[in-house]
Amino acid sequence: MKNLDKYRIVLASNSPRRKELLAGLGLSFEVRVMQGIDESYPSGLPVDEVALYIAGKKAEAYRGAMSSDELIITADTVVIVGDEILGKPSDEHDAERMLRLLSGRTHQVTTGVCLCSLDQESRFSVTTDVSFKSLTDEEIDYYITHYHPFDKAGAYGIQEWIGYIGVTGLHGSYYNVMGLPVQRIYNELLKF
């Protein structure tokens, strides 16, 4: 991707999964995290637009501190069950509630992404359908106790034990469910 040689790529995320996934594209990049970005969204916003809205707010927060040779990547991932957004669980009880909601159902994982330099921008979101088997109380308790999924939207990581034993179907990008739709990012970066 010689077209990116003029840019210093910055991943604006603390997520170890996003860092690992972006590294998988063979790109050189640095991680820069700005604290205190407001991740709220309007209450009437359709649930499938929330991730892109928040990724856009993150991009705007970085814009003021960007230099002309930087390309910033921001992202936000949400888990959607029906019309409810499942964020990161606040504690064990919240994680248990979320996993019970996901149990025996298909839900959506949407990641909003913004790629921006000072003179160009690409905003998009990717949605993946994920189906779970009916999880037993013992499986939910085991996962929460051993994997502490408190830093993950929807209280689960598909790449962890719960994904191995619980996910029965996937329609869309696996990597999107992990937090970064790298295939789509690659195609969008080719346009820069």
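Throughout, numbering of the chain's residues begins at 1 and tracks the sequence.
Within a 6.0 Å sphere centred on CD of Glu92, other residues, nucleotides and ligands contribute 12 heavy atoms or fewer. Enclosure of atom NZ in Lys133 by more than 12 non-hydrogen atoms of other residues, nucleotides or ligands within 6.0 angstrom is indicated. Applying the 6.0 Å contact sphere to CG of Asp83 captures no more than 12 heavy atoms from other residues, nucleotides or ligands. Counted within 6.0 Å of OH on Tyr147, heavy atoms from surrounding residues, nucleotides or ligands total more than 12; the atom is thus considered enclosed.
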Step-by-step side-chain hydrogen bond (donor to acceptor under 3.5 Å, both in side chains) determination, Asp129 to Thr106: CA-CA 6 Å; Asp129 292 329; Thr106 297; over 6 Å; no
Verdict with supporting geometry, Gln108 and Asp48, side chain to side chain contact (heavy atoms under 4.5 Å, CB included): CA-CA 9 Å; Gln108 289 69 47; Asp48 61 339; over 6 Å; no
Residue pair Glu96, Ile144: steps toward the side chain to side chain contact (heavy atoms under 4.5 Å, CB included) verdict: CA-CA 8 Å; Glu96 184 179 324; Ile144 293 170; 3.9 Å; yes
Residue pair Ser122, Glu188: steps toward the side-chain hydrogen bond (donor to acceptor under 3.5 Å, both in side chains) verdict: CA-CA 7 Å; Ser122 173; Glu188 295 295 327; 2.8 Å; yes
Step-by-step side chain to side chain contact (heavy atoms under 4.5 Å, CB included) determination, Leu180 to Arg17: CA-CA 8 Å; Leu180 204 60; Arg17 290 164 299 284; over 6 Å; no
Criterion side chain to side chain contact (heavy atoms under 4.5 Å, CB included) on Val78 and Val47, from CA distance to verdict: CA-CA 9 Å; Val78 296; Val47 291; over 6 Å; no
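Counting heavy atoms from C-beta on, the side chains of Leu99 and Leu101 never come closer than 4.5 Å. In this structure, Val113 and Leu52 have side chains that are not in contact, with every pair of non-hydrogen atoms separated by 4.5 Å or more. Side chains of Arg100 and Leu102 form no contact here, defined as non-hydrogen atoms less than 4.5 Å apart. Taking 4.5 Å as the limit, some side-chain heavy atom of Met66 sits within range of a side-chain heavy atom of Ile72. Contact annotation: the side chain of Ser28 never approaches that of Ile9 to less than 4.5 Å [non-hydrogen atoms, C-beta and beyond]. Residues Val167 and Val130 meet the side-chain proximity criterion, which asks for heavy atoms closer than 4.5 Å. Contact of the Ile73 side chain with the Phe29 side chain is not registered, since no non-hydrogen atoms from C-beta on lie closer than 4.5 Å. Using a 4.5 Å heavy-atom threshold, the side chains of Tyr41 and Ile54 count as touching.
Closest approach of Val182 and Leu22 over heavy atoms only: CG1-N, 4.3 Å. Nearest heavy atom pair, residue Gly82 against residue Arg105, reads N-NH2, 4.2 Å. Of all heavy-atom pairs between Arg184 and Ser125, the closest is NH1-O, 4.1 Å.
Salt bridge absent: Lys88 and Glu39 never bring a charged side-chain N and a carboxylate O closer than 4.0 Å. Ion pairing between Arg97 and Glu84 holds under the 4.0 Å rule for side-chain N and carboxylate O.
Between the side chain of Lys58 and the main chain of Ala75, a donor-acceptor pair closer than 3.5 Å is present. Panel note: side chain Thr128, backbone Ser173; a donor-acceptor pair is recorded below 3.5 Å. Panel note: side chain Lys57, backbone Ser40; a donor-acceptor pair is recorded below 3.5 Å. Between the side chain of Asn176 and the main chain of Val126, a donor-acceptor pair closer than 3.5 Å is present. Here the side chain of Gln120 pairs no donor or acceptor atom with the backbone of Ser117 at under 3.5 angstrom. A side-chain donor-acceptor contact under 3.5 Å links Ser103 to the backbone of Leu135. For Asn3 (side chain) and Phe192 (main-chain N/O), a donor-acceptor pair under 3.5 Å exists by modelled atom type. Arg18 contributes a side-chain N or O that, together with a main-chain N or O of Gly179, makes up a donor-acceptor pair within less than 3.5 Å. Side chain of Thr74 to backbone of Ala55: a donor-acceptor contact under 3.5 angstrom is found. With hydrogens and angles ignored, the 3.5 Å screen pairs no side-chain donor or acceptor of Asp76 with any backbone N or O of Gly112.
The CG atom of Asp94 sits 8.5 Å away from the CG atom of Leu86 when rounded to the nearest 0.5 Å. In this structure, the separation between OH on Tyr7 and CD on Glu70 is 11.5 Å, given to the nearest 0.5 Å. With values rounded to the nearest 0.5 angstrom, Gln183 atom CD is found 13.0 Å from Leu21 atom CG. The line from OG of Ser134 to CD of Glu139 is 9.5 Å long, rounded to the nearest 0.5 Å. The CG atom of Asp38 lies 13.0 Å from the CD atom of Glu60; values are rounded to the nearest 0.5 Å. Atom-to-atom distance recorded for Met178:CE and Thr111:OG1 is 11.0 Å, nearest 0.5 angstrom.
A ring pair (Phe, Tyr, Trp, His ring centres under 6.0 Å) with Tyr156 is found for one member of Phe132, Tyr143, Tyr164 and no other, namely Phe132.
Note on residues 49-70: no pairs pass ring-ring contact (aromatic ring centres under 6.0 Å, His included), not counting sequence neighbours. Within the structure, ring-ring contact (aromatic ring centres under 6.0 Å, His included) pairs that include any residue of residues 63-103 do not occur (at least two apart or interchain).
Hydrophobic clustering (side-chain heavy atoms under 4.5 Å, transitive across Ile, Leu, Val, Met, Phe, Trp, Tyr) keeps Val109 apart from Ile80. Hydrophobic clustering of Ile, Leu, Val, Met, Phe, Trp and Tyr side chains at less than 4.5 Å, counting indirect connections, unites Phe124 with Val177. In the hydrophobic cluster analysis, where Ile, Leu, Val, Met, Phe, Trp and Tyr join through side-chain heavy atoms closer than 4.5 angstrom, Ile85 is grouped apart from Phe150. Clustering ILVMFWY residues whenever any of their side-chain heavy atoms sit less than 4.5 angstrom apart, transitively, puts Ile37 in a cluster other than the one holding Leu45.
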